[in-house]
Enquirer: 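Dropping the structure in here first, questions after.
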There are 2 protein chains.
Amino acid sequence: MDPTPLYEQLADILRRMITAGELQPRSPLPSESYLQQEHGVSRGTVRMAMRVLREEGLVVTITGRGTFVRVPESEGE
Amino acid sequence: MDPTPLYEQLADILRRMITAGELQPRSPLPSESYLQQEHGVSRGTVRMAMRVLREEGLVVTITGRGTFVRVPESEGE
DNA sequence: GAGAATTTGTACGTATGTATG
DNA sequence: ACATACATACGTACAAATTCT
């Protein structure tokens with residue numbers, strides 16, 4: 001029952017890369033189009049995963065730039 | 001007793017905004033995602049309400065743009 | 001500065017599955 | 001069986017911001 005949704009699975013993968021230190025603070029996550037192709041999911045699904053991480057305060061997204069691992073000390077950046 | 005379905009209720013609200021002139025011809029209706037959050041319903045329910053209004057000829061929807069109050073004189077626009 | 005390419009943001013279209021009354 | 005309502009997941013189109021050539 002209730003298999004974990006794809007966007008949750010993708011969020012899990014990215015979350016681990018962050019908490020494991022593979023992705024350092026301020027470093028960019030792979031772009032949406034990359035993740036889309038790499039994981040064989042739609043852009044909407046990628047964006048849902050990103051939203052999960054944003055809501056957890058793990059990443060920050062900037063239009064036209066990308067999504068970055070959040071610096072712990074920053075409230076707004 | 002069949003309480004009025006949510007999508008009918010939402011259609012009623014939007015229809016009133018149009019007939020009351022709050023929403024002028026060619027002006028955009030609130031987006032699906034906005035209505036979704038604002039009324040606490042799913043996107044499917046919002047879309048059903050929109051379909052009702054489209055079938056009544058009250059609004060016209062354009063992919064990637066939005067849904068607009070129909071101009072009375074236009075058959076196809 | 002101009003123009004193209006990249007990246008994220010927003011909006012609608014469609015399909016499927018689940019649950020409830 | 002059927003209508004309602006939700007969630008997930010695919011797609012297309014267009015807009016905005018930034019970066020690169």
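Letters A, B, ... mirror the listed sequences (proteins, then strands); counts begin at 1. Since the structure is predicted, the reported quantities are computational estimates derived from the model, not experimental observations.
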Enquirer: Rounded to the nearest 0.5 Å, what separates atom CG in B:L14 from atom CG in B:L53?
Expert: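 Rounded to the nearest 0.5 Å, the CG-CG separation comes out at 6.0 Å.
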
Enquirer: How close or far is atom C1' of C:dT8 from atom CD of A:Q36, stated in whole angstroms?
Expert: 12 Å

Enquirer: Tell me: OH of A:Y34 to P of C:dT7, nearest whole Å?
Expert: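 Rounded to whole Å, this separation is 12 Å.
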
Enquirer: Roughly how far, to the nearest 0.5 Å, is OG1 of B:T67 from CG of B:L23?
Expert: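 OG1 of B:T67 is found 11.5 Å from CG of B:L23.
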
Enquirer: Heavy-atom nearest nucleotide on DNA chain D for B:G44 versus A:E8: which residue maps closer to 5'?
Expert: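 It is B:G44, whose closest nucleotide lies nearer the 5' terminus.
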
Enquirer: Atom CZ of B:R51 and atom P of D:dA3: how far apart are they, to the nearest Å?
Expert: 11 Å

Enquirer: Is it the case that the side chain of B:Q9 and the backbone of B:T4 share a donor-acceptor pair, with hydrogens and angles ignored and the cut-off at 3.5 Å?
Expert: yes

Enquirer: Please enumerate all protein N or O atoms sitting under 3.5 Å from an N or O of nucleotides 15-21 of chain D, with distances to 0.1 Å.
Expert:
unit_1	atom_1	unit_2	atom_2	d
D:dA15	OP1	B:R65	NH1	3.1
D:dT19	OP1	A:R65	NH1	2.3

Enquirer: To the nearest 0.5 Å, what is the distance between CZ (A:R26) and CZ (A:R70)?
Expert: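 Result: 11.0 Å between the selected atoms.
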
Enquirer: D:dA1 pairs with which nucleotide, Watson-Crick or G-U wobble, both distances below 3.5 Å?
Expert: none

Enquirer: Above 12 or not: heavy atoms from other molecules or residues under 6.0 Å from CZ of A:R54?
Expert: yes

Enquirer: Could you give the distance from CD (B:Q37) to OG (B:S31), rounded to the nearest 0.5 Å?
Expert: 8.0 Å

Enquirer: Between D:dA7, D:dA9, C:dT8, which nucleotide gets closest to the side-chain atoms of B:S42?
Expert: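 The answer is D:dA7, which lies nearest to the side chain.
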
Enquirer: Quick one: B:L10 CG to D:dT4 C1', roughly how many Å, whole number?
Expert: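 From B:L10 CG to D:dT4 C1': 14 Å.
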
Enquirer: I'd like to know if B:V71 and B:V69 are part of one continuous hydrophobic network [Ile/Leu/Val/Met/Phe/Trp/Tyr, side-chain heavy atoms within less than 4.5 Å].
Expert: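 As far as the 4.5 Å side-chain criterion goes, B:V71 and B:V69 are not connected within one cluster.
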
Enquirer: Using a heavy-atom cut-off of under 4.0 Å over every strand shown, decide if B:S31 touches base, sugar-phosphate, or nothing.
Expert: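 Sugar-phosphate, no base atom in range.
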
Enquirer: Could you tell me the separation between the CE atom of B:M50 and the C1' atom of D:dA5, rounded to a whole number of Å?
Expert: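 Interatomic distance, CE of B:M50 to C1' of D:dA5: 17 Å.
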
Enquirer: Would you say a side-chain N or O of A:T45 is under 4.0 Å from OP1 or OP2 of D:dT8?
Expert: no

Enquirer: Rounded off to whole Å, could you give me the CD-to-P distance for the A:E32 and D:dG11 pair?
Expert: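 Distance check: A:E32 CD to D:dG11 P gives 14 Å.
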
Enquirer: Roughly, in whole Å, what's the span from CG in A:L6 to P in D:dG11?
Expert: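 Answer to the nearest Å: 12 Å.
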
Enquirer: Please check the phosphate of D:dA9 (OP1 and OP2 only) for any side-chain N or O of A:Y7 closer than 4.0 Å.
Expert: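 So the side chain of A:Y7 is outside the cut-off, no N or O lying under 4.0 Å from OP1 or OP2 of D:dA9.
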
Enquirer: Which parts of nucleotides 14-21 of chain C does protein reach within less than 4.0 Å, heavy atoms only, written one letter per nucleotide 5' to 3' as B for base, S for sugar-phosphate only and - for none?
Expert: B-------

Enquirer: Across the strands shown, which category fits A:G66 at heavy-atom distances under 4.0 angstrom: base, sugar-phosphate, nothing?
Expert: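 If one applies the 4.0 Å heavy-atom cut-off, A:G66 turns out to touch the sugar-phosphate alone, with no base involved.
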
Enquirer: Would you say that B:R15 contacts B:V52 through its side chain, given a criterion of any heavy-atom pair below 4.5 Å between the two side chains?
Expert: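 A side-chain contact under 4.5 Å exists here.
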
Enquirer: To the closest 0.5 Å, what do you measure between CD1 (A:I18) and OG (A:S27)?
Expert: 8.0 Å

